[in-house]
Amino acid sequence: MPSPFPGMDPYLEHPELWGDFHDSLITYIRESLQPALPEPYFAQTGKRLWVETTRRPIEPDVQVRRAEGSAYEPTFGTGGAATALAAEPVVITVPHDEHREPFIEIRSADGNTLVTVVEVLSPTNKTPGEHGRGLYLEKQQEILDGKVHLVEIDLLRGGEHTTAVPLDWALEKTGPFDYHVCIHRFDTYSDYIVHPVRLQSPLPTIDVPLLPGDGSVRLDLQDVFNRTYDTGPYRRCVHYGESEIVPALSDAHARWAADLVLRARRP
């Protein structure tokens, strides 16, 4: 069935679905921006790459064992002192996982001028201690310190607040929100444009900034979400009302979501 939600679908935040949804959303954001960009601008996909020791349960590649009933017997030299037996070196293989995290860059036609970075946050960006979070925050600060606009789209309810705007300042102005978009223009350094998004609302249309004097281009995030959903596997693999929502909704939101699903199932 199609998503019964008016905006972001919380079922897609599940770890087993998020990776596919995140990468597809990036692709369709780029697709939506490309024809709207005036010459000499273009949008392209960039990727952060890092390698971590795998967390998958594994068996060691090398095991050193002692046969049952055997005992260590030292070898004595001519002076009577115990000497260690020479041991052959062993190779211990530690598996690693490679992580790739896509984002969008808007550049000028010469390809040398980076104008705007569009990020869709992932769970690793919002998890304290994750290498991916450290890399993200380093890049975020680099952009904030330079002459590049930053657009951050956070469609995850879980994890630490990570977008550039201070959370307490945002909440003071907007009140509570479930998702949000944060836009920072390098030419108005102290300002953050925040689009608060509640679970019951459609995703916003935002202005993606270009160089001063060239204005901005509109990006309809709800339209991009709909395209991502419709071309993805979610109609078949999400079992509404049966699949688990991760992270869990509040009691009030859970009742609202259950009612939406029930009404969507009615003929």
Side-chain angles (χ1 to χ4, degrees), residues 7-8 12 18-49 99-109 111-126 132-133 135-156 159 161-165 170 177 179-189 191-197 202-212 214-229 231:
M8 176 58 189
L12 301 185
W18 178 258
D20 179 83
F21 172 73
H22 175 273
D23 291 358
S24 298
L25 189 71
I26 288 283
T27 297
Y28 290 123
I29 288 175
R30 185 188 62 179
E31 178 189 79
S32 181
L33 286 172
Q34 206 75 266
L37 289 169
E39 293 186 9
Y41 296 97
F42 64 90
Q44 67 180 24
T45 304
K47 288 185 180 179
R48 267 185 304 280
L49 171 66
H99 299 264
R100 294 178 181 271
E101 201 168 67
F103 52 89
I104 294 169
E105 298 178 335
I106 296 176
R107 292 182 174 269
S108 65
N112 295 323
T113 304
L114 177 60
V115 177
T116 306
V117 172
V118 181
E119 293 272 7
V120 178
L121 271 64
S122 66
T124 55
N125 304 147
K126 301 184 70 178
R133 176 174 171 81
L135 289 175
Y136 181 85
L137 292 175
E138 283 179 20
K139 181 188 174 184
Q140 181 191 71
Q141 192 58 54
E142 223 175 83
I143 294 171
L144 294 175
D145 291 342
K147 291 188 175 182
V148 179
H149 306 303
L150 177 61
V151 177
E152 297 173 292
I153 302 167
D154 186 353
L155 299 180
L156 291 165
H161 176 78
T162 300
T163 62
V165 64
F177 50 78
Y179 313 106
H180 71 288
V181 178
C182 175
I183 302 171
H184 179 267
R185 297 182 59 107
F186 73 79
D187 51 337
T188 53
Y189 187 81
D191 294 341
Y192 298 87
I193 301 167
V194 177
H195 294 262
V197 183
L203 297 176
T205 297
I206 64 173
D207 290 321
V208 178
L210 305 177
L211 289 173
D214 287 344
S216 59
V217 293
R218 303 282 277 169
L219 176 63
D220 185 337
L221 289 177
Q222 188 60 50
D223 185 65
V224 173
F225 171 86
N226 293 341
R227 179 152 170 72
T228 304
Y229 189 95
T231 59

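The first residue in the sequence is number 1, and the count goes up from there.
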I need the minimum non-hydrogen distance between Pro212 and Asp187, along with the two atoms involved. CG-OD2, 3.7 Å
Indicate yes or no: at least one non-hydrogen side-chain atom of Thr124 is less than 4.5 angstrom from one of Tyr136. no
My understanding is that only residues two or more places apart in sequence, or in another chain, count here; which of them pass side-chain hydrogen bond (donor to acceptor under 3.5 Å, both in side chains) with Tyr192? none
Who are the side-chain hydrogen bond (donor to acceptor under 3.5 Å, both in side chains) partners of Thr231, not counting sequence neighbours? Tyr28
Centre-to-centre under 6.0 Å for Tyr189 and His184, is that the case here? yes
Less than 3.5 Å apart, any donor N or O on the side chain of Asn125 or Glu101 sitting next to an acceptor on the other? yes
Under the salt bridge (charged side-chain N to carboxylate O under 4.0 Å, His left out) rule, what pairs show up with a residue in residues 218-228, not counting sequence neighbours? Glu31-Arg227, Asp207-Arg218
Under a 4.5 Å cut-off applied to non-hydrogen side-chain atoms, are Val151 and Pro209 in contact? yes
Return the set of residues passing side-chain hydrogen bond (donor to acceptor under 3.5 Å, both in side chains) with Thr162 (not counting sequence neighbours), or none when no residue passes. Arg133
Set of residues satisfying salt bridge (charged side-chain N to carboxylate O under 4.0 Å, His left out) with respect to Lys147, sequence neighbours excluded: none
Heavy atoms only: give me the nearest Glu105-Leu114 pair and the separation to one decimal. CB-CD1, 3.6 Å
How would you list, by chain and number, every residue that makes a side chain to side chain contact (heavy atoms under 4.5 Å, CB included) with Pro40, sequence neighbours excluded? Ala109
Going by atom types alone, do Glu152 and Gln140 pair a side-chain donor with an acceptor below 3.5 Å? yes
Hey, which of Val208, Ile193, Thr163 is the one that makes side-chain contact (heavy atoms from CB on, under 4.5 Å) with Ile183? Ile193
